[in-house]
Amino acid sequence: MRRYMIRRMALLTLSALLASSAVFFLLRTLPGDAALSMAGLEATPEQIQATRQQLGTDKPLWIQYFRWIGGMFHGDFGISYLSKLPVAAEIGRRLAVTLPLSLSAFCLATLISFPLGIIAAVRRKRPVGIGVSAVSSMGVAVPVFWVGIILIWLFALAVPIFPAGGFPLDGWADPWAAVRSLVLPVVTIAIVMSSTLIRYIRSAILDILGQDYLRTARSLGYSARAARWRHGVRNAAVPLVAIMSFELSTSLLGAVVIENVFAIPGLGAMLLSGVINRDLPVVQDIVFLITFFVLFIGFLADIVQRIIDPRLRGGSIDQRVVPDAMSEEEPSMGLRAESGRSKS
Amino acid sequence: MTLLTVENMSISLTGSGRPLTEGISFSLGKGDRLGLIGESGSGKSITALALLGLLPGSMRVTGRIVLAGTEVTNSSESELVRIRGSKATMVFQEPLSALDPLMRVGRQIAGPLKLHRGLVGDASQREIRALLHRVQLPEPGRIAASFPHELSGGQRQRIAIAMALACKPEILIADEPTTALDVTVQGEILSLLDELVTEEGMSLIFITHDLPVISRVVRRLLVMQDGRIVEDGSTAGIIASPQHAETKKLIEAARLVTVVPYVSERRGAK
């Protein structure tokens, strides 16, 4: 396990380096010179050269790259071309909005999806289960911004309970106002996320319910419920960890999109304005941070899965158990032995 | 003393006309050994599952099954839970999928020990070691701490047998317990089952498609074809003078196995 952790950490570092260089060098292929636009139209060549030195863009690209990477290790994320302020401080302020937004959306989606996913699996032939499956299938097809617009229309315009958008200028100074302005975006992300999550959870649980070891436990005298507790929960946890890690990454990406629907000054809004203004330090920092976040969640998920499942411990490094969400296959229940015999 | 009576039992898929088994009747007394033999799809395995009331919800059973005084067909699930394990339990064909992949095998044996005999702590640990010894597994300490994937197929099947023994059942149902195993291991598991059933005074229902295997353990045979019992008699009698075409086919197949030379048998196995 320790050997695996070391190898996995090396892989994380390598992927992060690859991602950072991809982000950095791809952005440099864009045409244009930041120093030219910053120095202004009437600038003398000397002034432009001075601006280049100030920005560090007079140095070769690879030196700029290593400066950027090296700086990030001690919290220096560079200076925004536009505001001339440190990017790190601004990212910190934006994260104070985006992290609560995406994490509460993730938690809410989890709270909705687990009970519904379990019901959809256990009662898959009853109206309740079929209904849950049908609604969640529809939810998968709906774009997140559309849900946002509908919610604004319902709960900000038709029945004005929550603000249609924006976030208090003084941030969390008035926590109640801040929470109120996050309710609709959180619910929006959670609704869309739950739809996928319910399907994944349903399929993971259906798969477990058809496993032979549950039948073995029942043949030994465990009730179906006791067998599920004794053997089902732990086994279901393996694919569920993969699903949850994937959805946690998605929640951050979802926040980036939905912030622009609700005019919330989070990381997503900052990224978008960075892109529009060609503010390369801002864009590369945010893109890299999000990428690293996704990589790190995957790293944690891999470790947790190996703690749960001993079979994965000896396995190769890229092995992660992900269930097939779209599989509509019914569990075979006691019939495995019967069908398996044809092999012999 | 009759432990199990099956009368005119039929199993069918709900919403489908064709029955999977039809008119199955037999009985089993204390210490009896009964073999169910037939080809794939002849209904042997679902018959075994029906005896414990373990058929999936999509199947319906008609007729009577009386297991240790309990009507299996009319009983509630909670009544069935009370008789499963202690009255009758099962060893399945695939020892790998029959065991929980994430639980150390020692704990898997500890489950039924606690459930049926109230053993916990040191008493349970001692009994686990004793059971592992009885199924002839070496180094009980190491084995008990292993996960199923760390054991061989034969070792896994011994674990499954130890779990069944932990229940102290009156009837052991073995559903193709050797089919998934190597030929050499098959023989060992058969002798082990034979020994344990005798020592414990258990009754045995042994299910297979393999006549040479079954004739080593049981004295009475039921031959099944397409969900019906087509021949019923002593193992020796049936082999000496088979009446039904299906029985003759099984005997012919068994002869072929002994005649076919080593090389082509290997080709057939892979």
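Every chain is numbered from 1, with letters handed out A, B, ... down the list of sequences.
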>> If we check salt bridge (Lys or Arg N to Asp or Glu O under 4.0 Å) with A:D302, which of these qualifies: A:R8, A:R7, A:R313?
In response: A:R8
> Where do A:D212 and B:S97 come nearest, in terms of heavy atoms and distance?
Replying inline: OD2-OG, 2.7 Å
>> Is there a side-chain contact between B:K114 and B:S124 in this structure, where contact means two heavy atoms from C-beta onward sitting under 4.5 Å apart?
In response: no
>> Side chains of B:E79 and B:S76: any donor to acceptor distance under 3.5 Å?
In response: yes
>> Taking the side chain as everything from C-beta on, heavy atoms only, tell me whether A:N235 gets closer than 4.5 Å to B:D100.
In response: yes
>> Only pairs of heavy atoms separated by less than 4.5 Å count here; which of B:S86, B:G85, B:S78 has the most with chain A?
In response: B:G85
> If contact means a heavy atom pair closer than 4.5 Å, which residues of residues 158-171 of chain B contact chain A?
Replying inline: B:M163, B:A164, B:C167
> Hey, does A:Y4 have a side-chain heavy atom less than 4.5 Å from the side chain of A:L312?
Replying inline: no
> Any idea which of B:E77, B:M103, B:E150, B:K87 has the most non-hydrogen atom pairs under 4.5 angstrom with chain A?
Replying inline: B:M103
>> Salt bridge or not between B:K249 and B:E246? Use side-chain N to carboxylate O under 4.0 Å.
In response: yes
> Given that the side chain runs from C-beta out, which part of A:I308 has a heavy atom under 4.5 Å from chain B: side chain, backbone, both or neither?
Replying inline: both
>> Below 4.5 Å, heavy-atom pairs only: which of B:A88, B:G53, B:P101 has the largest tally toward chain A?
In response: B:P101
>> Heavy-atom cut-off 4.5 Å, strictly under: side chain, backbone, both or neither for B:L102 against chain A?
In response: both
> Do the charged groups of B:R134 and B:E200 touch, with an N to O distance under 4.0 Å?
Replying inline: yes
